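Report on the structure given below.
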Amino acid sequence: MASAMNLCGNYNSTFAAASVKASHCQSHLLPCRIGFSVSVGAAVPISCRGERGGSGSSNKAAFSISCCRAATGRDVLVEENEAVSETERSYTCVMKFGGSSLASADRMKEVANLIMSFPEERPVIVLSAMGKTTNLLLLAGEKAVSCGVSNVDNIEELSTIKDLHLRTVDQLGVDRNVIAKHLEELEQLLKGVAMMKELTRRTQDYLVSFGECMSTRIFAAYLNKMGVKARQYDAFEMGFITTDDFTNADILEATYPAVAKRLHGDWVADPAIPIVTGFLGKARKSCAVTTLGRGGSDLTATTIGRALGLPEIQVWKDVDGVLTSDPNICPQAEPVPCLTFDEAAELAYFGAQVLHPQSMRPAREGDIPVRVKNSYNPKAPGTLITKARDMSKAVLTSIVLKRNVTMLDIVSTRMLGQYGFLAKVFSIFEDLGISVDVVATSEVSISLTLDPSKLWSRELIQQELDYVVEELEKIAVVNLLQNRSIISLIGNVQKSSLILEKAFRVLRTLGVNVQMISQGASKVNISLIVNDSEAEQCVRALHKTFFDSEPSQLENECIQGNGSHPAIS
Ligand SMILES: Nc1ncnc2c1ncn2[C@@H]1O[C@H](COP(=O)(O)OP(=O)(O)O)[C@@H](O)[C@H]1O
Ligand SMILES: N[C@@H](CC(=O)OP(=O)(O)O)C(=O)O
């Protein structure tokens, strides 16, 4: 009998994708997940995971499989209805917990209770490093470069990391040995950095990997101590294969079948909850440890979701879901109940820290719903991210701010009507491997923004910018404008006139001049470029206008096409 699990076990990405579709045919699964509520502390041990479902016919669930098979040289859609036992289906969802959910031993206990409060789930757990450990590791690395080998022991961040992790294992009552070797190796690594007086990106990735390697070992040991069988995995040892772009590696396609094979194989051999390091991978060429860019554990979770074809991916944070704006700028920001993958991807790409910019890609490809939940408030419904939603009443979903953006005004030195100007400009960015965010063009000029946030090193950015300008000046007059911000209005661009009218009224009232505007092809984002110094004030005022009024009023305005708002007029 073919099951979703066995199909994925063929280690073939087509079949892995097929099992994604398979799980989505179980439409009964989704409604029961929407709006679920749990009570933390009401722990229900998941002690008999391997036995759950058994092999008897009474435990079999109707299961519809729709898969693609390359049988005759072309893809063929095969529809089958089969009965697959719960056991054979192995995992039921991915649950990712970020650093904010894992800041202390108490938080780890609460997360363990939360996982145990879903006895019907057989989750794959993805964890980030505890609290701010990644930042501390980066700072320790920077200090090691110049402090001298004999002073490494005195690096404050190293002591903070050691104290946090040792205190956590002690408070959880697990053996210090679970992380002893890692702490020792971390210190040795920093001594190596101090000796070399150099921290390459490759070493930096290896250095920050200690955070996730330790948090997952501690958590798996704690679950086992609680009688819940768990197995720790380092992503770089379990099939996460990436490019060699240290600090910002891309996950390669080969990851999906490799991860599916490993997780399914282990489940069949010896069922246990996998506790996987987020954020990490293994470089295809050098085989060194890589990282997926800051916040990359979200991407680890969606990659596993797609690899296994799971019905849901849950991303647990310290906020009640994706909010109408960054709560650090707009404390009154409210959770957004539903988002499309496109909206979430745009929101993440344009600066909302809550999701990793690339994390929606595997979910979208596998059409797997992503639920953003609050580990501090599990009863809150959170945000459900799916392929489509009813946009008929939607105006604005969220306002996002991306600071410290560099803008370039590029004016052709050739005459009007010269062809090939745009192509030349973009080939320069391509050659230099620089990503362009927002673009506005006329026949002889281009304004665009460059994204420095993907790079972790300041000097390199300046060096790169100098080089870009030098290259562009061969064909154009270039004006480099730094310290700009992109304010992205994510929502229903079908209502762009309404959105823009309201937005520009606010900005005019504030006396802010928009330096560039772009309405992307995505149809969910309008970007406005303003000075960094004005940006937060603009976001707060825009938020007040779009979200502090009764929803019915916004809807009325949409229907009547009347953009005026009492807060401004
Ligand atoms: N639009 C937004 N919606 C929700 N949170 C946001 C948004 N913009 C910024 N944030 C910030 O993102 C944080 C959650 O993301 P992150 O710190 O990466 O979580 P985790 O470490 O749990 O993965 C929130 O605490 C909040 O301050
Ligand atoms: N620990 C990594 C990866 C990550 O995803 O973290 P978080 O889930 O806490 O944002 C970072 O800080 O970037």
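Since this is a predicted model, take the numbers as computed values, not measurements.
Side-chain polar atoms of E121 and T92 form a donor-acceptor pair below 3.5 angstrom. A donor atom on one side chain and an acceptor atom on the other are found under 3.5 Å apart for N531 and Q515. Using modelled atom types and a 3.5 Å distance limit, the side chains of N525 and Y349 yield no donor-acceptor pair.
A donor-acceptor pair is defined here as one N or O able to donate and one able to accept, closer than 3.5 Å; no such pair exists between the side chain of H543 and the backbone of I329. Listed for the S215 side chain is no donor-acceptor partner under 3.5 Å among the backbone atoms of M130. Side chain of D244 to backbone of K285: a donor-acceptor contact under 3.5 angstrom is found. With hydrogens and angles disregarded, no donor-acceptor distance shorter than 3.5 Å links the side chain of R167 to the backbone of H165. One N or O on the side chain of T383 and one on the backbone of V336 form a donor-acceptor pair closer than 3.5 Å. In terms of modelled atom types and a separation under 3.5 Å, the side chain of D320 and the main chain of P335 share no donor-acceptor contact. Looking only at distances, no side-chain donor or acceptor of T203 sits under 3.5 Å from a matching main-chain atom of L199. Looking only at distances, no side-chain donor or acceptor of T302 sits under 3.5 Å from a matching main-chain atom of M360. Side-chain N or O atoms of T290 include one that pairs as donor or acceptor with a backbone N or O of G281 at under 3.5 Å. A distance-only check finds a donor-acceptor pair linking the side chain of T277 to the backbone of A235 [under 3.5 Å].
Classified by interplanar angle (parallel below 30°, tilted 30° to 60°, perpendicular above 60°), the ring pair F97/W316 is parallel. In this structure, F210 and H182 have perpendicular ring planes: the angle between them is above 60°, well past the 30° mark.
With sequence neighbours excluded, the residues that form a salt bridge (charged side-chain N to carboxylate O under 4.0 Å, His left out) with D437 are K402. For the salt bridge (charged side-chain N to carboxylate O under 4.0 Å, His left out) test, residues two or more places apart in sequence or in another chain that qualify with K143 are E157.
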Point to revise | Pair K317-D298, salt bridge (charged side-chain N to carboxylate O under 4.0 Å, His left out): steps then yes or no | key: CA-CA 10 Å; K317 304 269 168 184; D298 296 339; 3.2 Å; yes
**Study point:** Audit row: R389, D342, salt bridge (charged side-chain N to carboxylate O under 4.0 Å, His left out) steps and yes/no
**Key:** CA-CA 11 Å; R389 69 184 182 103; D342 288 346; over 6 Å; no
Review point. Do L280 and C213 pass the side-chain contact (heavy atoms from CB on, under 4.5 Å) test, and can you show the C-alpha distance, the side-chain angles, and the key distance before you say yes or no?
Key: CA-CA 9 Å; L280 310 177; C213 288; 4.2 Å; yes
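Electrostatic pairing of E110 and R107 counts as a salt bridge here, judged by a charged N lying under 4.0 Å from a carboxylate O. Taking 4.0 Å as the cut-off between side-chain N and carboxylate O, D234 and R217 count as a salt-bridged pair. Between E536 and R403 a salt bridge is recorded (basic side-chain N to carboxylate O distance below 4.0 Å). Under a 4.0 Å N-O distance rule, the pair R201/D205 does not qualify as a salt bridge. Salt bridge E253/R361: absent, no basic N to carboxylate O contact under 4.0 Å.
T134 places a side-chain heavy atom less than 4.5 Å from the side chain of R294.
Within 6.0 Å of OH on Y467 lie no more than 12 heavy atoms contributed by other residues, nucleotides or ligands.
Atom NZ in K544 sits 14.5 Å away from atom OG in S325 (nearest 0.5 Å). Between the CD1 atom in I529 and the CG atom in L448 there is a gap of 10.0 Å [rounded to 0.5 Å]. Going from atom CG of D548 over to atom CG of L542 covers 11.5 Å, rounded to the nearest 0.5 Å.
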